[in-house]
Amino acid sequence: GGDRAEGVEPGPPPGGGPITPPPPVIPDPQPAPYAEQEVLLATITDVSLNDSNQAVVQFQLTNGDGIAITDLEVGNIRFTIAKLQGSELGSGTGNWQSYVNRIETAGSVGPGTEDKLQATYERNEEGLVNNDDGTYQYTFATDVSNLPEDILAQADTEGLDLTYEADLTHRVAIQFDGAPGKANPFYDWVPATGATSGIFTLDIAATANCNSCHDPLAIHGGGRREIQYCVTCHNTGSTDANSGNTVDMKVMIHKIHMGANLPSVQAGGEYAIWGFRDSKHDYSNLHYPQDIRNCVNCHAGTATGAGRDDLVLTAQGDNWAEYASAAACGSCHDGEGAQGHIAGQE
């Protein structure tokens with residue numbers, strides 16, 4: 001055993017068994033500073049209500065390489081929460097209604113004359129818990145069963161129901177700010193049962209279909225990019241008080257796309273929304289670059305989108321062809337001559 005040359009590694013052990021290599025040295029991953037991330041991968045893993053009926057949200061955040069982001073701050077996030085109310089049109093239809101609202105005062109700009117309820121987000125400065133491993137917990141400041149009296153009073157004047165209904169589908173969604181990457185994760189569940197599958201939800205238009213033109217769909221600074229997030233605010237319970245126009249998704253988007261061809265515009269009016277810091281967004285000169293009747297290019301279900309490999313089909317993508325509503329039809333047919341007929345619809 002003493003004849004091994006100095007500096008020469010020993011050969012295989014007697015019997016010809018393999019040499020066990022040393023374990024690899026795996027370097028610790030580099031930190032992933034939130035403000036530098038080009039890609040944000042965000043997932044809401046759970047939502048529940050605490051004893052004060054405040055939504056408690058569990059979520060995780062990594063970059064595009066799957067490295068945990070551990071320095072997220074409350075100033076970088078916004079949260080929305082809404083319930084999905086049914087509709088008399090049928091079991092496959094409904095409207096989201098936000099629990100987080102403000103009252104917009106009319107009169108500073110635009111022709112609007114009445115104060116209106118407007119959905120918004122919340123950012124609870126005391127609500128964020130950082131677990132230091134890329135997972136976080138956020139507790140809403142809003143008690144969905146005890147909303148402010150002035151908000152409830154305004155909702156009552158507009159015929160809106162902000163009552164907490166635990167047996168309805170609810171949605172929580174997040175917006176991330178302050179980084180190049182964007183994400184709008186959402187989570188649907190029924191508070192009464194905790195169920196997340198086999199529940200009623202509403203998926204009428206796919207963001208991917210919007211992005212065939214918009215590339216990407218983005219507004220309000222570019223952080224709001226997913227339809228499922230947009231509808232938590234843009235629903236029947238939100239109105240631009242400065243113009244008097246609803247910002248309900250199914251009305252506002254149709255009217256924007258119709259633009260210069262709206263009967264009301266062709267009759268000498270305008271279609272405008274006063275948005276960020278009361279800035280005017282006038283769509284009266286907008287011309288849609290295709291036939292406005294190509295509804296299936298935005299909304300496609302198993303029936304209307306059959307044979308179209310370029311479209312993403314959604315669960316309620318056929319609603320436009322199956323359920324005619326006064327809001328959707330009247331969004332384009334807004335001339336006086338059509339209103340008598342539309343008024344007879346739900």
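Side chains are part of it too, since the values below use all heavy atoms of this structure and drop only hydrogens, waters and symmetry mates. Residues: numbered from 1 along the sequence shown.
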Original post:
Any idea which heavy atoms bring A328 and H254 closest together, and the distance?
Top reply: O-ND1, 3.8 Å

Original post:
Side chains of I103 and I151: closer than 4.5 Å at any heavy-atom pair?
Top reply: yes

Original post:
If we only count heavy atoms from C-beta on, is the M249 to C230 side-chain gap below 4.5 Å?
Top reply: yes

**OP:** Determine the minimum heavy-atom distance between A68 and G134, stating which atoms define it.
**Re:** CB-CA, 3.8 Å

Original post:
Rounded to the nearest 0.5 Å, how far apart are CG of L202 and OG of S87?
Top reply: 9.5 Å

Subject >> N235 side chain reached by N95 side chain, heavy atoms, under 4.5 Å >> reply: no

Original post:
Can you tell me if S98 uses its side chain to pair, donor with acceptor, with the backbone of V100 under 3.5 Å?
Top reply: yes

Subject >> Verdict with reasoning, K83 to T163, per side chain to side chain contact (heavy atoms under 4.5 Å, CB included) >> reply: CA-CA 10 Å; K83 64 177 178 178; T163 305; 4.3 Å; yes

Original post:
Among all residues two or more places apart in sequence or in another chain, which pass the salt bridge (Lys or Arg N to Asp or Glu O under 4.0 Å) test with E73?
Top reply: none

Original post:
Do any N or O atoms from the side chain of T246 and from the backbone of S238 form a donor-acceptor pair under 3.5 angstrom?
Top reply: yes

**OP:** Would you name the heavy atoms of A106 and A241 that are closest together and state the gap between them?
**Re:** CB-O, 3.6 Å

**OP:** Check whether the side chains of E104 and Q118 place a donor and an acceptor atom closer than 3.5 Å, and report yes or no.
**Re:** yes

Subject >> Closest contact, heavy atoms only, D71 versus A32 >> reply: OD1-O, 3.9 Å

**OP:** For T120 and R78, run side chain to side chain contact (heavy atoms under 4.5 Å, CB included): C-alpha distance rounded to whole Å, both residues' side-chain angles, the deciding distance at 0.1 Å, then the answer.
**Re:** CA-CA 9 Å; T120 186; R78 312 181 196 208; over 6 Å; no

Original post:
Between atom CG of D115 and atom OG1 of T157, what is the distance when rounded to the nearest 0.5 Å?
Top reply: 9.0 Å

Original post:
With distance as the sole test, does T207 use its side chain to make a donor-acceptor pair with the main-chain N or O of I227 at under 3.5 Å?
Top reply: yes

Original post:
With respect to P191, which candidate in L49, N53, V47, V144 satisfies the side chain to side chain contact (heavy atoms under 4.5 Å, CB included) definition?
Top reply: L49

Original post:
Are L72 and N130 close enough that some pair of their side-chain heavy atoms sits under 4.5 Å apart?
Top reply: no

Original post:
Distance-only, no hydrogens or angles: does the N184 side chain make a donor-acceptor pair with backbone N or O of R225 under 3.5 Å?
Top reply: yes

**OP:** Decide whether Y187 and I77 are clustered together by the hydrophobic rule: side chain heavy atoms of Ile, Leu, Val, Met, Phe, Trp, Tyr closer than 4.5 Å, transitively.
**Re:** yes

Subject >> Polar side-chain atom of S264 near backbone of G335 as donor-acceptor pair, under 3.5 Å >> reply: no

Original post:
Say you draw a straight line from OG1 of T105 to CG of D278; how long is it, rounded to the nearest 0.5 Å?
Top reply: 10.0 Å

Quiz: residues 167-176 side-chain donor-acceptor pairs under 3.5 angstrom, not counting sequence neighbours:
residue	atom	partner	partner atom	Å
T169	OG1	F200	O	2.5
H170	ND1	L168	O	2.8
H170	NE2	Y99	OH	2.8
R171	NE	D188	OD1	2.7
R171	NH1	Q228	O	2.9
R171	NH2	D188	OD2	2.9
Q175	OE1	R224	NE	2.6
Q175	OE1	Y229	OH	2.9
Q175	NE2	D177	OD1	2.8

Original post:
Any donor and acceptor pair, going by atom type alone, linking the side chain of E158 with main-chain N or O of T239 inside 3.5 Å?
Top reply: no

Original post:
Quick one: side-chain contact (heavy atoms from CB on, under 4.5 Å) partners of C233, sequence neighbours excluded?
Top reply: T80, A119

Original post:
Between T201 and W96, is any pair of side-chain heavy atoms under 4.5 Å apart?
Top reply: yes

**OP:** Indicate yes or no for a side-chain donor-acceptor contact from N63 to the backbone of I67 under 3.5 Å, with no hydrogens or angles considered.
**Re:** yes

Subject >> Polar side-chain atom of T45 near backbone of Q58 as donor-acceptor pair, under 3.5 Å >> reply: yes

**OP:** Quick one: do T304 and D318 satisfy side-chain hydrogen bond (donor to acceptor under 3.5 Å, both in side chains)? Show the steps, please.
**Re:** CA-CA 6 Å; T304 58; D318 293 328; 2.6 Å; yes

**OP:** Group every Ile, Leu, Val, Met, Phe, Trp and Tyr by side-chain heavy-atom contacts under 4.5 Å, then state whether L286 and I292 land in the same group.
**Re:** yes

**OP:** Check the hydrophobic clustering (I, L, V, M, F, W, Y; side-chain heavy atoms under 4.5 Å; chains of links allowed) and say if L84 and F186 are grouped together.
**Re:** no

Original post:
To the nearest 0.5 Å, how far apart are CG in N245 and OG in S331?
Top reply: 12.0 Å

Subject >> Exam field: side chain N209 to backbone V312, donor-acceptor pair closer than 3.5 Å >> reply: yes

Original post:
Taking all non-hydrogen atoms of both residues, which atom of G275 and which atom of H281 are closest, and how far apart?
Top reply: N-CD2, 3.8 Å

Subject >> Test item: side-chain donor near acceptor, S52 and D143, under 3.5 Å >> reply: no

Subject >> L40 side chain reached by K182 side chain, heavy atoms, under 4.5 Å >> reply: no

Original post:
Between I204 and W320, is any pair of side-chain heavy atoms under 4.5 Å apart?
Top reply: no

**OP:** Consider only side-chain heavy atoms of I, L, V, M, F, W and Y, link residues closer than 4.5 Å, and tell whether W189 and F140 are in one cluster.
**Re:** yes

Subject >> T139: partners by side-chain contact (heavy atoms from CB on, under 4.5 Å), with sequence neighbours left out >> reply: N50, Q54, V56, Q137

**OP:** Mind running side chain to side chain contact (heavy atoms under 4.5 Å, CB included) on Y271 and I256 for me, showing each step along the way?
**Re:** CA-CA 8 Å; Y271 179 65; I256 288 174; 3.9 Å; yes

**OP:** Using a cut-off of 6.0 Å, state whether more than 12 heavy atoms not belonging to D310 lie near its atom CG.
**Re:** yes

Original post:
Which heavy atom of L128 sits nearest a heavy atom of V74, and at what distance?
Top reply: CD2-N, 3.6 Å

Subject >> Rounded distance (nearest 0.5 Å) linking atom CG of L162 with atom CG of L147 >> reply: 5.5 Å

**OP:** Find out whether W274 and P111 are in side-chain contact, i.e. whether some heavy atom of one side chain is under 4.5 Å from a heavy atom of the other.
**Re:** yes

**OP:** Using the test side-chain contact (heavy atoms from CB on, under 4.5 Å), find all partners of N124 that sit at least two apart in sequence or belong to another chain.
**Re:** E122, E126, Y138, A141

Original post:
For the atom pair CG (L262) and NE2 (H257), what is the distance rounded to the nearest 0.5 Å?
Top reply: 12.0 Å

Tell me which donor-acceptor pairs under 3.5 Å the side chains of residues 293-303 have, and how far apart each pair is, sequence neighbours excluded?
residue	atom	partner	partner atom	Å
R293	NE	D291	OD1	3.0
R293	NE	D291	OD2	3.3
R293	NH2	D291	OD2	2.8
N294	ND2	Q290	OE1	3.2
N297	OD1	R308	NH1	3.4
N297	OD1	R308	NH2	3.1
N297	ND2	Q290	OE1	2.7

**OP:** Output, in order, the C-alpha distance, side-chain angles, deciding distance and verdict of side chain to side chain contact (heavy atoms under 4.5 Å, CB included) for I81 and F79.
**Re:** CA-CA 7 Å; I81 182 170; F79 287 79; over 6 Å; no

Original post:
Is it true that a side-chain atom of N211 and a backbone atom of P216 form a donor plus acceptor pair closer than 3.5 Å?
Top reply: no

